[in-house]
Asks: 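Got a structure for you, questions after.
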Amino acid sequence: MPPSPDLRSAEEPDRNLALELVRVTESAALGAARWVGRGDKEAADQAAVDGMRRLLSSVAMDGYVVIGEGEKDEAPMLYNGEEIGDGSPPQVDIAVDPLEGTTLTAKGMPSALAVIALSDRGTMFDPGPCVYMEKMAAGPEIADCLSFQIPVDEVVRRIADRRGVSTTEVTTVILDRDRHADGIDRIRQAGGRIRLISDGDVAAALLAVSPGTGVDLLWGIGGTPEGVISAAAIKCLGGELLGRLWPRSDQEAAAAAAAGYDVGRVLTCDDLVRGDNAFFAATGVTDGDLLQGVRYIAAGKATTESLVMRSRSGTVRKIHAVHDSSKLVHVSGGAKTKGALARALN
């Protein structure tokens with residue numbers, strides 16, 4: 001028997017939670033932005049983690065970090081398994097990447113993001129020992145063209161045929177890594193266009209499923225955590241992401257098998273984030289195709305641009321915000337918060 005409306009509203013993530021998540025990614029982006037182009041990716045990442053963790057602790061939820069900054073002994077904050085929020089319902093799974101694109105930020109390059117995904121408790125895929133996965137993503141009108149059973153150049157041909165265009169009009173976004181050399185050669189020989197990126201495959205997945213970006217397909221081996229976060233976003237936007245775990249060594253493959261993972265299984269968005277109630281939020285740190293980065297407009301003031309989505313409603317919002325550190329201090333409270341805001345905005 002389904003829970004009563006009152007009980008359901010207490011136990012399940014509410015639509016208002018989406019806007020709370022934007023505050024979280026804004027805080028992370030503002031923290032990281034001061035390190036853009038300064039060559040210190042560790043400091044940029046730590047600033048993003050600090051900003052995200054500070055805001056997450058105030059969100060009305062009982063959150064469990066499925067995908068965080070690493071194991072507890074490697075990450076003092078936002079570690080895998082950490083409980084965050086104020087402890088009140090709803091119970092949710094959380095995946096975070098406080099700064100997707102640490103190198104992009106350190107070098108002042110485009111498309112660095114602060115991102116977070118959330119879903120009902122027990123619905124988010126835990127990658128376990130598997131750090132990498134092969135991924136393929138595309139928008140809803142060509143989602144059924146995706147397959148790991150055929151070479152990637154054949155997938156490109158399928159997409160071209162579906163759209164009634166030449167392969168020269170199909171663009172695949174790929175991480176620029178040596179492991180992708182064969183696939184890149186095959187796509188080029190088929191006449192397909194390629195956009196190589198140095199980092200940021202969550203942003204790349206969003207490009208592949210969003211209309212009007214000039215990108216048709218994401219393909220390649222990237223982070224499994226980023227695959228789960230991307231799946232949450234794609235459940236909101238529409239489209240599909242296929243993933244297949246990619247152990248880096250025999251030892252990692254053995255560890256995955258011992259933990260019960262089938263590395264040959266093809267995972268879909270519904271495997272990576274089950275159910276119909278996923279949330280996703282991202283705020284730009286540096287300017288990119290999807291979002292504008294943090295910009296300083298006056299002393300103590302900065303602008304952010306964010307994307308926030310919910311799969312159940314299909315609502316996608318783009319939010320442009322102006323932040324004033326002097327006023328934020330009064331509503332946030334505390335000397336620690338005041339100092340952090342001053343460092344981020346001044």
Asks: Only pairs at least two apart or in different chains count here, so list each side-chain hydrogen bond (donor to acceptor under 3.5 Å, both in side chains) that has a residue in residues 183-192.
Replies: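 Residue pairs passing side-chain hydrogen bond (donor to acceptor under 3.5 Å, both in side chains), neighbours aside: D153-R186.
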
Asks: Sort and list the pairs that fulfil side-chain hydrogen bond (donor to acceptor under 3.5 Å, both in side chains) and have at least one residue in residues 253-276, not counting sequence neighbours.
Replies: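 Every side-chain hydrogen bond (donor to acceptor under 3.5 Å, both in side chains) pair that includes a residue of residues 253-276, provided the two are not neighbours, is K235-D270, R265-D271, T268-D271, D276-R312.
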
Asks: Could R310 and F280 be counted as a cation-pi pair, given that NZ or CZ must be under 6.0 Å from the ring centre and within 45° of the axis?
Replies: no

Asks: Which residues satisfy the side chain to side chain contact (heavy atoms under 4.5 Å, CB included) test with A253, sequence neighbours excluded?
Replies: P247

Asks: Can you list every side-chain hydrogen bond (donor to acceptor under 3.5 Å, both in side chains) pair that touches residues 93-115, not counting sequence neighbours?
Replies: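 Sorted pair list comes back empty.
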
Asks: For D201, which residues count as a salt bridge (Lys or Arg N to Asp or Glu O under 4.0 Å) partner, sequence neighbours excluded?
Replies: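 Residues passing salt bridge (Lys or Arg N to Asp or Glu O under 4.0 Å) with D201: K135.
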
Asks: Could you list all the ring pair (Phe, Tyr, Trp, His ring centres under 6.0 Å) pairs where at least one residue sits in residues 236-255, not counting sequence neighbours?
Replies: none

Asks: Using the side chain to side chain contact (heavy atoms under 4.5 Å, CB included) criterion, which residues pair with D86? Sequence neighbours excluded.
Replies: A60, S88

Asks: Please list all pairs meeting ring pair (Phe, Tyr, Trp, His ring centres under 6.0 Å) that have one or both residues in residues 19-40, counting only residues at least two apart or in different chains.
Replies: none

Asks: Have H323 and T304 got a donor and an acceptor in their side chains that come within less than 3.5 Å?
Replies: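 H323 vs T304: donor-acceptor pair found between side chains.
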
Asks: Filter on ring pair (Phe, Tyr, Trp, His ring centres under 6.0 Å), then keep only pairs touching residues 170-226, sequence neighbours left out; what's left?
Replies: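 Passing the test, one end in residues 170-226: H180-W219.
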
Asks: If you group Ile, Leu, Val, Met, Phe, Trp and Tyr whenever their side-chain heavy atoms sit less than 4.5 Å apart, what else falls in with M109?
Replies: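 Via sub-4.5 Å side-chain contacts, M109 links to L104.
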
Asks: Hey, what do you get for CZ (R54) to CE (M77), rounding to the nearest 0.5 Å?
Replies: 9.0 Å

Asks: Is there a donor-acceptor pair closer than 3.5 Å between any side-chain N or O of T123 and the backbone N or O of G275?
Replies: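 No, the answer is negative, given that no donor and acceptor are paired below the 3.5 Å cut-off.
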
Asks: Atom CG in L267, atom CZ in R244: separation rounded to 0.5 Å?
Replies: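 With rounding to 0.5 Å, CG (L267) is 10.5 Å from CZ (R244).
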
Asks: Just jot down the side chain to side chain contact (heavy atoms under 4.5 Å, CB included) partners of E141, sequence neighbours excluded, or say none.
Replies: R163

Asks: Quick one: hydrophobic cluster around V322, which other residues, with the 4.5 Å side-chain cut-off, linked directly or via members?
Replies: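 Members besides V322, by chain and number: I297.
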
Asks: Are D144 and R158 ion-paired here, with the side-chain N under 4.0 Å from a carboxylate O?
Replies: no

